[in-house]
Structure formats: structure tokens, C-alpha cells
Amino acid sequence: MQEVKTQRQVEILWAVLVGAVLWAGPGLGADPVRTGGDGESAVRIENLLERMTLEEKLSQLTQRSGDDIDDADTPEARQKTEAFLATIRGAQMGSFLNVHGAERVNRLQRVAVEESRLGIPLIFGLDVIHGYKTIFPIPLAETCSWDPDLVTRAAAVAATEARAAGIHWTFAPMVDIARDPRWGRVAEGAGEDPYLGAVMAAARVRGFQGEDPAAADRLLACAKHFCAYGGAEAGRDYNTVDVSERTLREVYLPPFKAAVDAGVGTFMSAFNDLNGIPATANPFILTEVLRQKWGFEGFVVSDWDSIGELVQHGIAASPADSARLAITAGVDMDMCSFVYRAHLAEEIRSGRISETVIDRAVRRVLKAKARLGLFEHPYVDPQREAQVCLTPEHLALAREVARSSIVLLKNHDDLLPLGKDLGTIAVLGPLADNRKDPFGTWAGIGGWGEAVDVLAGVRSAVSKETRVLHAKGCELEGNDRSGFVEALTVAKQADAVVLVVGEGQAMSGEAHCRTSLGLPGVQRDLVETVHAIGVPVVVVLMNGRPLSIGWTAEHVPAILETWHLGNECGHAVADVLFGDFNPSGKLPITFPRNVGQVPIYYYHKNTGRPPADNDGFTSKYLDTPTTPLFPFGYGLSYTTFGYADLEVSARKIPPGGEVTISAVVANKGKRPGHEIVQLYVRDVVASVSPPVKRLRGFRRIFLAPGETKRVSFTLACADLGLYNAEMKYVTEPGEFRVWIGPSSAEGLEGRFEVTK
Ligand code: NOJ
């Protein structure tokens, strides 16, 4: 009730402000294009709303794709383009997606601003997910850095390049928690954990939007896909999601809330059905949670045709029903269903919805345009586009992010780093001499022509005397083993083999799910065959999801998880292979031993019969251990870190109090390195069954050889809470266990109590 009031108060204040300014300055709204601060924006928006026809309002709520603009110099193409421009002139949409390039954007914008009746600028959106021209690692990889500042800087570069190319708005960050690696879109998010996911969501929003999204190097961000899209049954994209309200609140919502707190400008509603009410028509999440509880003031765009798809979901009998359900639930802009424009006028005329619902949505869209400064600066400087894209500074940052994203999974007998002066190195595998696949899913409009592959990276790193040999061995997919002979011939001449295997660009991403998590095709056979000759082998994995690589993990001495690293892939991999960079990445998602363990994540409940290897009736499998292949938070370094001397500031803390937990971390090896120190907690007895561990803090620290640091975390009582049976967030008194360690599976343990 209280929250509803707050929302109303905001609306009343807004109306009072608008009224006051209108009263004080009649005529101020006469020129909608020249204004300054928030008050004036409000006036302009109200003024525009008064002058807009219902059709014009619905157009502001309509987004169309520019995929079909044809640049060819033929009469048909010109006719098609002219028809297209006529729709802009007639103000039939408020936004475009998939149009980029300064010249092209300006051309369309000019028609909207100078030739349409009210001159309202268009907002241009694009999926700028991990870079525009300069391609950074996929978001899952970037998250392995556990370095929010670095992630912010990468997003800022993406924003700089995209804005220069006329883009105002990115459909990112994707903040969906993903616990099922079969789902192709795990690549786009920050992994399985709500705490890490929330930190990364805020970091990306800060990077895209900066202090002011109107700046020439910033974009408006979009938190997507609201919500629980990653919970798709069986890891199959778009599939049904049925999660408890507790899991929704504990696991899926926190990154979205963090995005709101970071000031994100827009949200995107998800494709999926959520507990029986598709997310795009779900008033609980779109209005009760997002607006009334969180106070979000930006606008919500649907996903592509997700409004039209309410018919297929079986909750709408017609496109008109879909439109009414979505707008009343709280979706402001229709991406490519075109049902708002086609049906909402009739819904209003027939009294099924009120025009105030439309006005509210239009107001939100116009506010976003004002926030972007589009009324003052609708155009973009075409000179800037070429100047800011793919600069040496951007590529240098891409290299830094890429090498910080690499996770060292295994390094038996310190095989790595390799010497740069080895006599012969064989660089093998279908991804070794390959610049395109490491771009990963949603690679912006990056051209992989400028990218560096692993073979080139190795060549540029080793001494002049070192021979670098290459053979592909096999394709990414298929059964053809005919290339094995050449691979073996090359490997036999080498002092070490770097074997680059994994998934191609198109094996993850939207609608790209897999039921097998092994290496595709005959790649695993290639690994076995090459390993059998006895030359030291380093496997470099490239993939968009966790893979089940049990055989490789058991037999091959060194494994680097490099994901899809983008432009600077080859340099970054070589930096790590040869020790110019000491790997520090840690996994943001659990690696299963086999697909049958899925979903597997560290943040699970204990059950009444926790797994015990030697006990029959426990929660376990007959054919596979219950533990993961590699746990959440895991990653090695070329040095070793020791943890000692855990201290908890108080044995008992009062309700509302704080506790500080600290431990001494030491670099016990011979190389300087970064360690990601993690803090986990467990509520021992609660009114609802608690998870066995929850990440509640982390620090990325640097230690020289022999150096030690005490690393401290302060937790407030509120950090220890849970949703009780009434779905209230409370911290219950009682015992808590706490760990500081290098992963979710290890750590020094302490205890404290929250008193009554
Ligand atoms: C569908 C995807 O689900 C969404 O993430 C993306 O932003 C839109 N298409 C627009 O390309």
C-alpha cells in the first residue's frame, strides 16, 4: 500500500511541476525542439502530448526494424526506400532497431525531425552486447575477471563507438541468471549467481550510460530480459519458466534491481511464460515489482514480437487482446509486433482501456528521448564515427579485458607458462587459425578482418628462432578424421602442442541451445589422439557455455578456458600461454561433469539427505559424483595463494548490527598475481530452508611474491536476509557460518550469531 502511494506521489509531483511551469511561461512549449532542464523537458512532453493524435501517440510506442532498407542503386530499391521514408514522414514509428552508421541514421532522423508533423526525433536501438566495432569478450567471459571497473570501461568503449555510429540505445546488459549451460544465452550474461550478477549488471549500466546518457560517448542501457528468461525448462530457449516466487526474488530479480539502482533507462520484457503469465503480459513483475516497489521511471520495450506471441502462448485470442494485455501490464513500446499501432486505438474507442494508459507510456518514451538529448541534438557527426572506432586505445583495452577473462583450469607440474624460446610449437585445432568464431554471439557489427587469432598471437609472442607449425586436425563439427594424420605429423615435431578446440560462434546465443555439453564433432578424439603421442599438450578451450570435458580434464596437463574473447583473442591467449600475463579469472558458472547433472549450481539447498559417497539413500547418482567438474568461483594462477588466520569481529551481533570477517591472503609462489578473494555465508537454521552457501562479497587483490594482505569484508544484518514464508525480506536471528576462500568449494570457516 505504502509503495503504491509513493508511485502516485511521483505522478502528482510531476503533474504539479508541469502545471506550474506551464502557468509561469505560456508559450514555452511552442517550440518543442529547444529546451533545457528537467522542468522544460516535462513541459515539452506535456505540450507534445496535447498536440498528438492518438495515432501519433501509438507510433511513439512502435519500434520497427531497419533490416529492410535497401541501399542498392536500382529503381526497385529506391522505391522501397522512399516507401520506408514515407512511413517516417507520416510518423508511423517512434524507434528503429538494426539501423546503424552515422550517415544512414542521420538520413532517417532528418525525415523524422524536419519532415514529420511534430518533428519528434527517433530513438535508434541496437544489440551492442560486447562491443560495437571493437569486440570485447562475451559477457560471460568478461565476468570471469570479477573486475567491475574493467567491465564498466569495456561497456563505455562500446557506447563510444556505437553512439558515434548513430545508436542511442543498446539492448544490454542482459542480466538473466543462468543455471543451465544447455541454454545458448548463458554466453550473454554474468552466470549463475545473483550477487555477482547484480555487481556486473550495475557495472555495465554505468559503462553504457555514464553520468549522462546524452553525452556523445554514451548510450541508454536496457536491462533484459525481464524476467527469469534464463530459467527456461530443459535449457531450451523461449521455453516455459516455472519458478517459485522465492526463487524469483532471491535469484532472478537482484541483477534487475541493481540495474534500476544504477539508473538504467529501459527494461525489456522477456519472451517466456512465467508461472503461467507470460512475462510480456505480467503485471506482477512489470508493475507491482518494477514500478511500485522499485520505483523504475524509464520505459519498458517488449522483446521482438513478444507481444504478438501472446496469442501463441494461449492467453490472447487475437492480436488486439495481446496489445491490450501487454500495455496494461506495463510494456510501453512494441518491438516489431505492430499490434499497438494496429489495435490500441480501437481498444480505447471501445472503452476497453483508457487513453491515460497510452499517455503514460508515451510520456516515458519521450522522457527517454529527452534524457538522451535528442530534441536538442538529433543528429550525429559522421566524421566522428571513423575516428573513434577500433582505435589503438580501444584495442588495448580489449586485450586487457580478454586476458583478464581467461581462466586457468588446470596446470599440472607447471607446464604453463611455456617458454618463448621453445624450438618448435605446434598450434593445432579447428579454432587455432580462426578469427571469426572467437567473436562469439552478438558480435555487434565488428568485422573480424582486424581480429587476431591464436596462431597469429603465438607467432607474435615467441622468439625469432622458434618454429610455429600449424594443422587444423578437424572441423568444428562432423565426423571427418582425415586431418588427424597431418595434425599428428606436426605434433610429433613439436616441443609443445597448443590445441585450440571448442565451440563456434553460432553454437551459442539466441535459439542456439545444445543437449550435449561435450566438445562437438570429433574434437575430443583429436585431443585424445594428439595427447597419446606424449608431447606436452595445452588445451585452449573456446566456447560460449560451460563444457563437460571430463576426459580432457583428467588427462591433458594444462587447460585454459578462453571463451569467445573477441578482437584481441590471439594476443590475450598468447599473453597467458607465455606468462606475460598471470591468469586470474574465476568461473562465474559451474562446469558439470556431464549433462545429466544439469542444473548444477553452488547456491543449492542441502536437502534432507545431502549426498554422501558411501551411503545408499542420499541425494546422489549411481554413475556420476554429485560434485561439479569445476566449481563456481574456481580458477588457478601461475602462483599459489595461501589463506590463513580468519577473524570474525564479533561472536554475536545485535539485529541491525554489522560484522567484519577477514583473512590473511599470501602469495606463496614466485610470480606476482591477482587473486579473487571470495566471501560466502550460510544461515544455519532459518524459517525457510537456506542455501548451503551464498556469495556475499569479493575482492580482486594484487600480491607480489611473498606479500601478504589481510582482506576484510563487512556485512550488515540486511546482507544476511531471506524471504520468509510471507515473502518478506528478513534477517532471522541465529547462527551463521562464513567462509573466505578462493572458490565456492574451499575456504576458511568462521561463525557468528545474530541475536534476538
Ligand atoms: C531478440 C532478443 O531476445 C533480444 O535480446 C534482442 O535484444 C532483440 N531480439 C533485438 O535484437
Side-chain angles (χ1 to χ4, degrees), residues 99-106 124 126-139 141-142 145 147-170 172-173 203-221 372-373 377 379-406 435-436 438-440 442-454 456-457 460-461 562-575 580-581:
V99 177
H100 51 81
E103 300 278 8
R104 177 176 269 196
V105 167
N106 281 348
F124 289 84
L126 189 75
D127 291 278
V128 181
I129 307 295
H130 52 112
Y132 177 71
K133 272 282 186 185
T134 303
I135 300 303
F136 288 84
I138 53 171
E142 280 188 354
S145 69
D147 187 341
D149 291 338
L150 194 63
V151 166
T152 296
R153 283 161 61 206
V157 163
T160 302
E161 295 189 353
R163 187 71 185 244
I167 305 304
H168 308 127
W169 175 28
T170 175
R204 292 195 166 104
V205 170
R206 280 197 299 275
F208 289 129
Q209 295 192 168
E211 292 288 309
D212 179 8
D217 54 359
R218 300 296 173 158
L219 300 169
L220 209 57
L372 278 161
H377 303 290
Y379 307 120
V380 62
D381 171 8
Q383 305 292 320
R384 217 175 115 75
E385 182 174 3
Q387 288 160 6
V388 306
C389 287
L390 282 168
T391 62
E393 295 74 30
H394 292 180
L395 290 171
L397 184 65
R399 182 171 183 162
E400 191 184 337
V401 179
R403 58 196 201 171
S404 305
S405 303
I406 295 174
R435 285 175 292 167
K436 178 173 168 285
F439 267 38
W442 290 118
I445 57 143
W448 44 272
E450 299 90 356
V452 182
D453 56 51
V454 173
S460 68
T562 72
W563 311 102
H564 288 141
L565 290 179
N567 265 90
E568 287 294 297
C569 169
H571 284 144
V573 170
D575 287 344
D580 289 334
F581 184 83

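Along the sequence shown, residues are numbered consecutively beginning with 1. Remember, it's a predicted structure, so these values are computed and weren't measured experimentally. The figures here come from the full heavy-atom set of this structure, side chains too, leaving out hydrogens, waters and symmetry mates.
Nearest approach of Glu568 to His571, heavy atoms of both residues: OE1-ND1, 2.7 Å. When all heavy atoms are compared, the tightest approach of Ala443 to Gly440 is CB-O, 3.7 Å. Closest non-hydrogen pair, Ala159 versus Gly207, comes out as CB-O, 4.3 Å. Of all non-hydrogen atoms in Ala165 and Val105, the two that sit nearest each other are O-CG2, 3.9 Å. Heavy-atom minimum distance, Ala155 versus Phe208: O-CD2, 3.5 Å. Taking both residues in full, the closest heavy atoms of Ala102 and Glu385 are given as N-OE1, 2.9 Å, listed atom of the first, atom of the second, then distance.
Here the NE2-CG distance, from His168 to Leu372, works out to 7.0 Å after rounding to the nearest 0.5 Å. Here the CZ-CG distance, from Arg218 to Asp212, works out to 9.5 Å after rounding to the nearest 0.5 Å. In this structure, CG in Leu397 is found 5.0 Å from CZ in Arg153, a value given to the nearest 0.5 Å. Rounded to the nearest 0.5 angstrom, Thr170 OG1 and Leu220 CG are separated by 9.5 Å. How far OH of Tyr132 is from CG of Asp127: 12.5 Å, rounded to the nearest 0.5 Å. If you take OG on Ser405 and CD on Glu400, they are separated by 10.0 Å, rounding to the nearest 0.5 Å.
Side chains of His130 and His564 form no contact here, defined as non-hydrogen atoms less than 4.5 Å apart. Under the 4.5 Å side-chain criterion, counting only non-hydrogen atoms from C-beta, Leu390 is in contact with Asn567. A heavy-atom distance below 4.5 Å is found between the side chains of Ile406 and Leu565. In this structure the side chain of Arg163 never reaches within 4.5 angstrom of the side chain of Asp217, judged on heavy atoms. Residues Ser145 and Val401 fail the side-chain proximity criterion, which asks for heavy atoms closer than 4.5 Å. Taking the side chain as every heavy atom from C-beta outward, Val452 and Arg435 never approach each other to under 4.5 Å. Counting heavy atoms from C-beta outward, Ser404 and Phe581 have side chains that approach closer than 4.5 Å. Proximity of Asp453 to Cys569: side-chain heavy atoms (C-beta onward) are nowhere separated by under 4.5 Å.
For Arg384, there are no side chain to side chain donor-acceptor pair (under 3.5 Å) partners two or more places apart in sequence or in a different chain. For Ala203, the side chain to side chain contact (heavy atoms under 4.5 Å, CB included) partners at least two apart in sequence or on another chain are Pro148, Val151, Thr152, Arg206.
Around atom CD of Glu103, no more than 12 heavy atoms belonging to other residues, nucleotides or ligands sit under 6.0 Å away.
Side-chain contact annotation: His394 with Glu161, donor-acceptor N/O pair under 3.5 Å present.
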